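Below is one structure, written out as structure tokens, with a few remarks after it.
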Amino acid sequence: MYIDRYAVIGNPIAHSKSPFIHTHFAEQTGQAMEYERLLAPLDGFFDAVTAFRREGGRGLNVTVPFKLEAYAICDERSPRAELAGAVNTLLFRNDGSIYGDNTDGVGLVSDLAFHGVTPRDRRVLILGAGGAVRGVLAPLLQTQPMELVIANRSPEKAIELAHTFADMGLVHGCGYETLNGHAFDLIINGTSASLGGELPPLPEDVLSPGGIAYDMAYGKDETPFQHWARAHGAAQALDGLGMLVEQAAESFQLWRGLRPDTRPVRESLNALR
Ligand code: NDP
């Protein structure tokens with residue numbers, strides 16, 4: 001029997017939880033499909049995609065460091081992928097064209113909602129100005145926070161991002177030292193600092209009493225940022241595993257036209273930690 005093939009492409013890729021998540025979704029919704037890991041050489045993204053399509057591939061999730069290259073190969077992109085300037089989901093259409101989407105931002109907002117967190121009318125601080133932050137800014141601003149501040153180690157990148165998204169809401173870019181004397185209800189860590197066991201240089205009082213902290217990174221243990229947030233009175237200190245599951249659900253829906261229930265996969269992943 002012919003089975004539709006999907007994969008996550010990246011470098012490195014061995015650690016990816018996407019095959020586990022999509023296999024669960026497929027079983028849950030009764031979809032006949034395969035989902036695998038695809039390691040592409042750093043200079044071989046396009047060739048790897050072409051070979052995968054030739055072998056019957058129907059779609060790809062794209063992870064580090066290929067999201068910009070994925071953006072470039074699309075014939076058509078969703079408005080949110082255009083805004084993000086990066087693509088994490090490719091759909092290979094029957095007419096031979098490639099459609100690109102970015103589901104990271106909606107993944108974050110859905111995960112916040114799952115945990116009962118609504119950015120609307122809150123003071124929100126987002127740390128970092130790399131690809132992940134760029135991808136989530138539009139969906140985050142669409143929730144209408146009172147203000148959104150982007151802080152980055154290299155302030156000029158944060159200022160530039162704020163400028164790009166300025167017509168979507170009150171958004172401001174700065175360096176970490178500018179945060180002194182300001183407090184936020186929700187702080188989202190979109191830096192890669194946690195991956196190296198590090199913490200961005202945050203002022204002591206930057207989290208409002210009972211505020212919420214969210215680290216887009218995730219791992220077996222609590223991240224340094226989650227640890228910092230708990231020590232500074234956070235009501236909730238969440239990590240990005242739920243965002244991963246929610247962005248996957250959005251990709252699955254694009255490919256298969258069905259919305260999987262994310263709760264059972266969340267529970268399985270948490271049990272495996
Ligand atoms: P990028 O390499 O594009 O950007 C990294 C950002 O982190 C830059 O803003 C950089 O600052 C900053 N940074 C790195 N180290 C430090 C440090 N020690 N202190 C302060 N700032 C630092 O990475 P991505 O944007 O692609 O990924 C960021 C994070 O988001 C990663 O942890 C990744 O795992 C996570 N992520 C999670 C997803 C999920 O589904 N949960 C989806 C996508 C990403 P500078 O510009 O000054 O160098």
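Ligands are counted one by one from 1 in listed order, and the atoms in each one are counted from 1 as well. Because the structure is predicted, anything quoted here is derived from the model rather than measured.
Shortest contact from atom 18 (N) of ligand 1 to any protein heavy atom: E198 OE1, 2.6 Å. Nearest protein heavy-atom contact of atom 2 (O) of ligand 1 is S192 OG, 4.5 Å. The protein heavy-atom contact nearest to atom 34 (O) of ligand 1 is L195 CD1, 4.0 Å. Protein heavy atom closest to atom 17 (C) of ligand 1, with residue, atom name and distance, is R153 NH1, 3.4 Å.
In summary, R259 and E250 engage in a salt bridge, as defined by a charged side-chain N under 4.0 Å from a carboxylate O. The existence of a salt bridge linking R256 and D4 is confirmed by a sub-4.0 Å separation between a basic side-chain nitrogen and an acidic carboxylate oxygen. Ion pair E34/R58 not flagged as a salt bridge, since none of the NZ, NE, NH1 or NH2 atoms sits closer than 4.0 Å to an Asp/Glu carboxylate oxygen.
In terms of polar-atom proximity, D104 is not counted as a contact of ligand 1, lacking any N or O under 3.5 Å from an N or O of the ligand. Inclusion of K67 in the set of residues having an N or O under 3.5 Å from an N or O of ligand 1 is not warranted. Checked against a 3.5 angstrom limit, the closest N/O atoms of Y218 and ligand 1 fall outside it. Between A217 and ligand 1, not a single N/O pair is under 3.5 Å apart. Considering backbone and side-chain atoms alike, P201 places every N or O at 3.5 Å or more from each N or O of ligand 1.
Less than 4.0 angstrom separates some heavy atom of G130 from each of these atoms of ligand 1: 3 (O), 4 (O), 9 (O), 25 (O). Heavy-atom contacts of G190 reach the following atoms of ligand 1: 28 (C), 29 (C) (cutoff under 4.0 Å). Every atom of ligand 1 with a heavy atom of S154 under 4.0 Å away is listed here by number and element: 45 (P), 46 (O), 47 (O).
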Q. Do N88 and T103 pass the side-chain hydrogen bond (donor to acceptor under 3.5 Å, both in side chains) test, and can you show the C-alpha distance, the side-chain angles, and the key distance before you say yes or no?
A. CA-CA 7 Å; N88 79 335; T103 64; 3.1 Å; yes
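If you check each of N152, L108, L127, L161 against atom 11 (O) of ligand 1, the one with the closest non-hydrogen atom is N152. Of the candidates K17, R134, M243, it is M243 that places a heavy atom closest to atom 38 (C) of ligand 1. When the options E246, E156, M216, Q247 are ranked by their closest heavy atom to atom 36 (N) of ligand 1, first place goes to M216.
With contacts defined as side-chain heavy-atom distances shorter than 4.5 Å, the pair F52/E36 qualifies.
In this structure, atom 45 (P) of ligand 1 has protein heavy atoms in its sub-4.0 angstrom surroundings.
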